[in-house]
Amino acid sequence: MKVTQDLLADVAEVLLTEEQIAGKVAELGQRISADYAGRELTLVSVLKGSLPFMADLMRRISLPLRIDLMEVSSYGGTGTESSGLVRILKDLSAPIEGRDVLLVEDIIDTGLTLNYLIRYLKGKNPRSIKVCSLLDKPARRLVEIPIDYVGFEIPDAFVVGYGLDFGEVYRNLRFVGVLRPEAYES
Ligand code: IMP
């Protein structure tokens with residue numbers, strides 16, 4: 001893959017603007033704060049794609065909370081397809097036994113990564129586990145998993161920005177955009 005110099009030139013369409021994302025994150029934070037009122041929450045985010053969402057969402061939640069980070073990678077697959085085989089690169093740094101856990105994800109595509117993570121985290125005996133994903137791409141779902149908080153449902157297109165990458169590039173775009181097919185076919 002060539003190193004892109006002009007990130008914007010590779011974007012065919014802006015799907016979600018910075019303002020739309022900020023509005024939705026504030027709304028999700030309010031809902032989560034109301035739903036978990038009186039409880040102590042642990043937000044678990046999955047690196048690296050969820051990093052901007054996690055950073056913004058946690059500051060919109062008005063409850064005492066802890067954060068923890070995991071990093072996973074999928075074996076095989078192509079640049080734009082997930083293979084479903086998940087490898088844990090970084091595990092939680094503190095126990096979650098007896099705690100209310102909210103898994104913070106960037107995007108649910110096939111659902112395979114989330115399915116694996118939920119089963120893995122349930123094995124650590126949290127009091128509850130729910131999922132908050134900024135984006136949901138239901139067209140490509142292979143495993144049905146309830147997503148408790150969804151920011152935006154998006155069409156079946158490969159998107160980048162606000163944490164999401166192609167080949168580790170484009171994560172720093174402030175909006176979510178659809179990548180031109182030429183950008184990943186070259
Ligand atoms: P799933 O296991 O197919 O649900 O894929 C989950 C992971 O694949 C996400 O956390 C992303 O890292 C990546 N992914 C899925 N769709 C996209 C996309 O449109 N753009 C960038 N990354 C994506």
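Here, residue 1 is the first one in the sequence, and each next residue gets the next number.
By the 4.0 Å N-to-carboxylate-O rule, Arg99 lies close enough to Glu40 to be salt-bridged with it. Of the charged side-chain nitrogens involved, none lies within less than 4.0 Å of a carboxylate oxygen, so that Arg60 and Glu27 do not count as a salt-bridged pair.
Distance alone, capped at 3.5 Å, places no donor-acceptor pair between the Thr42 side chain and the Ile67 backbone. Asp68 places no side-chain N or O within 3.5 Å of a backbone atom of Leu92 that could act as its donor or acceptor partner. In this structure a side-chain-to-backbone donor-acceptor pair under 3.5 Å is missing from Arg174 to Gly161. The backbone N or O of Asp106 sits less than 3.5 Å from a side-chain atom of Ser50, completing a donor-acceptor pair. Side-chain atoms of Arg127 never come within 3.5 Å of backbone atoms of Gly98 as a donor-acceptor pair (strictly under, hydrogens ignored). The backbone N or O of Val72 lies less than 3.5 Å from no partner atom in the side chain of Lys90, so there is not a single donor-acceptor pair.
With a 4.5 Å cut-off on side-chain heavy atoms, Lys137 and Phe152 do not count as touching. A 4.5 Å side-chain heavy-atom check between Pro126 and Glu97 finds every atom pair outside the cut-off. Counting heavy atoms from C-beta outward, Val46 and Val104 have side chains that stay 4.5 Å or more apart. For the pair Leu15/Glu13, a side-chain contact is recorded, criterion being any heavy-atom separation below 4.5 Å from C-beta on. Between Ile129 and Ile96 there is no side-chain heavy-atom pair separated by less than 4.5 Å. Ile145 has its side chain within reach of Ile118: a pair of non-hydrogen atoms, C-beta onward, lies under 4.5 Å apart.
Residues Leu121 and Val86 share a single hydrophobic cluster, defined by chaining ILVMFWY side chains whose heavy atoms lie under 4.5 Å apart. Two different hydrophobic clusters hold Ile21 and Val150 under the rule that ILVMFWY side chains link at heavy-atom gaps under 4.5 Å. A continuous path of Ile, Leu, Val, Met, Phe, Trp and Tyr side chains, each step under 4.5 Å between heavy atoms, connects Leu65 with Ile32, placing both in one hydrophobic cluster. No continuous path of hydrophobic side-chain contacts links Leu135 to Tyr170 [ILVMFWY only; heavy atoms under 4.5 Å]. Cluster membership check: Val176 does not share its hydrophobic cluster with Leu173, using side-chain heavy-atom separations under 4.5 Å among Ile, Leu, Val, Met, Phe, Trp and Tyr.
Closest heavy-atom contact between Leu114 and Glu105: CD1-CG, 4.4 Å. The minimum heavy-atom distance between Ile108 and Gly111, with the atom names listed, is CG2-CA, 3.8 Å. Nearest heavy atoms, Ala139 versus Asp156: CB-CB, 3.9 Å. Here the shortest heavy-atom pairing between Ile88 and Tyr116 reads CD1-OH, 3.9 Å. Of all heavy-atom pairs between Leu57 and Gly29, the closest is CD1-N, 3.8 Å. Scanning all heavy atoms of the two residues, the minimum distance from Tyr36 to Leu63 falls at CB-CD1, 3.5 Å.
With rounding to the nearest 0.5 Å, the separation of CD1 in Ile154 from CG in Leu16 is 7.5 Å. The structure places CG of Leu134 at 8.5 Å from CD1 of Ile107, a figure rounded to the nearest 0.5 Å. The CD1 atom of Ile61 sits 5.5 Å away from the OG atom of Ser33 when rounded to the nearest 0.5 Å.
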Please evaluate residues Val44 and Leu102 with respect to the criterion side-chain contact (heavy atoms from CB on, under 4.5 Å), reporting the C-alpha separation (whole Å), side-chain torsions for both, the decisive distance (0.1 Å), and the verdict.
CA-CA 6 Å; Val44 172; Leu102 183 63; over 6 Å; no

Verify side-chain contact (heavy atoms from CB on, under 4.5 Å) between Phe53 and Ser133, making sure each step is shown before the conclusion.
CA-CA 9 Å; Phe53 181 41; Ser133 182; 5.8 Å; no

Please walk me through it: do Asn115 and Tyr120 pass side chain to side chain donor-acceptor pair (under 3.5 Å)?
CA-CA 9 Å; Asn115 188 45; Tyr120 179 75; over 6 Å; no

Going through the distances and angles, do Arg171 and Asp165 end up as a salt bridge (Lys or Arg N to Asp or Glu O under 4.0 Å)?
CA-CA 5 Å; Arg171 293 193 197 276; Asp165 75 307; 3.5 Å; yes

What verdict does the side-chain contact (heavy atoms from CB on, under 4.5 Å) test give for Val11 and Val178, after you've listed the backbone C-alpha separation in whole Å, the side-chain angles of each residue and the deciding distance to 0.1 Å?
CA-CA 6 Å; Val11 174; Val178 180; 5.9 Å; no

If you apply the rule side-chain contact (heavy atoms from CB on, under 4.5 Å), what do you find for Asn172 with Leu7, and how did you get there?
CA-CA 9 Å; Asn172 52 327; Leu7 297 180; 3.7 Å; yes

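With sequence neighbours excluded, the residues forming a salt bridge (Lys or Arg N to Asp or Glu O under 4.0 Å) with Arg39 are Asp100, listed by chain and number. For Leu47, the side-chain contact (heavy atoms from CB on, under 4.5 Å) partners at least two apart in sequence or on another chain are Leu51, Leu69, Glu71. Residues that satisfy the side-chain contact (heavy atoms from CB on, under 4.5 Å) test with Asp56, not counting sequence neighbours, are Val25, Arg59, Tyr162. Remark: Asp148 pairs with no residue by the side-chain hydrogen bond (donor to acceptor under 3.5 Å, both in side chains) rule, at least two apart or across chains. Applying the side-chain hydrogen bond (donor to acceptor under 3.5 Å, both in side chains) test to Asp35 and every residue at least two apart in sequence or in another chain returns Tyr149. Residues meeting the side-chain hydrogen bond (donor to acceptor under 3.5 Å, both in side chains) test with Arg141, sequence neighbours left out: Asp136.
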